[in-house]
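As the structure lists them, so they are numbered: ligands from 1, and atoms in each ligand from 1.
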Amino acid sequence: MKASSQTSILIIYTGGTIGMTRNRETGALESFDFEHLRGNVPEMSNFDYHIEAITLNPPIDSSDMEPSHWAKMARLIEKNYETYDGFVILHGTDTMAYTASALSFMLQGLAKPVVITGSQIPIGQLRTDGKENFLTSIEIAAAKDKEGHAMVPEVCIYFESQLMRGNRTTKINSEGFNAFRSFNFPCLANAGIDIKYDTHLVRRPPSGSRLQVESAMDNRIIVVTLFPGIREDILSSLLHVESLRGVILKTYGSGNAPQKPWLMHTLEELCRRGVVVVNVTQCKTGSVQMRRYETGLQLLHAGVLNGFDCTIEAMVTKMMFLLGRNLPLDETKRLMCQNIAGEITLPNE
Ligand code: ASP
């Protein structure tokens with residue numbers, strides 16, 4: 001039973017390595033239930049918080065994550081929003097950055113922490129990184145400032161001592177414990193002996209705003225990575241799919257594409273059809289600047305939008321989110337180039 005002044009945290013367990021066990025016959029790691037995970041973290045009972053857990057049934061490897069799972073998580077947070085001070089989502093690392101990005105768009109007006117974490121080694125194993133990630137995430141989700149406001153009322157990823165804005169993250173390592181990086185935005189906090197928050201970087205909702213969940217996603221989109229030798233016949237057949245509503249073009253450097261007339265015609269034609277086409281760079285660090293080179297300017301003239309320094313994970317989910325709102329095309333395009341959840345830095349910011 002919760003004491004009225006007690007901080008309360010809701011854990012949403014979705015699966016992932018953190019809670020997995022090894023199948024004796026196949027030797028492969030499989031998702032397991034939350035009780036198994038809780039049993040391996042007796043330290044949880046040392047917290048002075050009221051902690052409850054909900055499992056997304058069945059727990060999954062995050063490679064199986066779908067927009068419908070994001071919607072379920074968003075609705076769970078909405079349903080429990082008034083009861084809890086903060087939320088911790090346990091999630092597989094493979095698509096964690098997509099989930100974090102999707103939730104940052106879906107949970108509008110969020111004023112409470114949603115900290116997503118997982119691990120590279122299951123929590124039942126001796127050298128697990130899961131315990132530290134899990135326990136510190138709970139502490140961050142519960143942290144408040146002197147006025148009693150949440151320290152980080154954002155959707156974040158906590159991993160290997162770093163708290164990052166969720167929609168700025170990318171998984172960069174399939175082996176090491178430092179699995180995530182936020183290349184284009186500094187960390188919101190670093191956990192050492194103390195947890196040091198960079199409070200001026202934290203995004204806060206305008207005062208008085210209420211949580212509003214928008215969970216519709218339109219996934220009629222595609223990501224196209226440019227490479228030397230890309231072929232017209234193959235790309236055209238992909239982009240001629242009638243239901244297509246959005247294309248994310250992964251270009252070179254500061255947003256450049258080869259100067260092939262067929263490519264420009266294909267892109268112009270897409271934009272004329274009302275398909276939203278946006279330019280993000282294949283580089284991990286830095287921003288698209290379409291006026292820098294002739295090879296970028298031609299994309300701008302074809303009607304391609306600037307994705308600035310957005311990660312691919314944030315751009316995929318932002319596009320699904322904006323298309324899911326069924327706004328007039330001009331408004332969708334306008335919002336694509338705006339910073340709506342801290343996911344991009346505009347040149348004048
Ligand atoms: N395949 C796992 C998952 O994403 C990997 C992990 O959790 O680290 O669910």
- Hits for side chain to side chain contact (heavy atoms under 4.5 Å, CB included) against Glu35, two or more places apart or cross-chain, chain-then-number order -> Asp33, Arg38

- Message: Please give the remaining members of the hydrophobic cluster of Phe177, linking ILVMFWY side chains under 4.5 Å, ordered by chain and number.
- Response: Ile121

- Derivation and outcome, side-chain contact (heavy atoms from CB on, under 4.5 Å), residues Asn184 and Phe308: CA-CA 10 Å; Asn184 284 328; Phe308 299 98; over 6 Å; no

- Query: With sequence neighbours left out, which residue pairs that include part of residues 239-251 fulfil the salt bridge (Lys or Arg N to Asp or Glu O under 4.0 Å) condition?
  - Reply: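 Qualifying pairs, neighbours excluded: Asp218-Arg245.
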
- Using heavy atoms and a cut-off under 4.0 Å, could you grab the residues that are in contact with ligand 1, chain by chain, numbers ascending?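 If the criterion is a heavy atom under 4.0 Å, then ligand 1 touches Gly16, Thr17, Asp61, Ser62, Gly92, Thr93, Asp94, Ser119, Gln120.
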
- I would like to know whether Arg168 and Phe183 meet side-chain contact (heavy atoms from CB on, under 4.5 Å); could you show each step before the answer? CA-CA 7 Å; Arg168 293 294 193 145; Phe183 287 102; over 6 Å; no

- Item | Step-by-step side-chain contact (heavy atoms from CB on, under 4.5 Å) determination, Met151 to Ile195 | CA-CA 11 Å; Met151 287 298 281; Ile195 302 175; over 6 Å; no

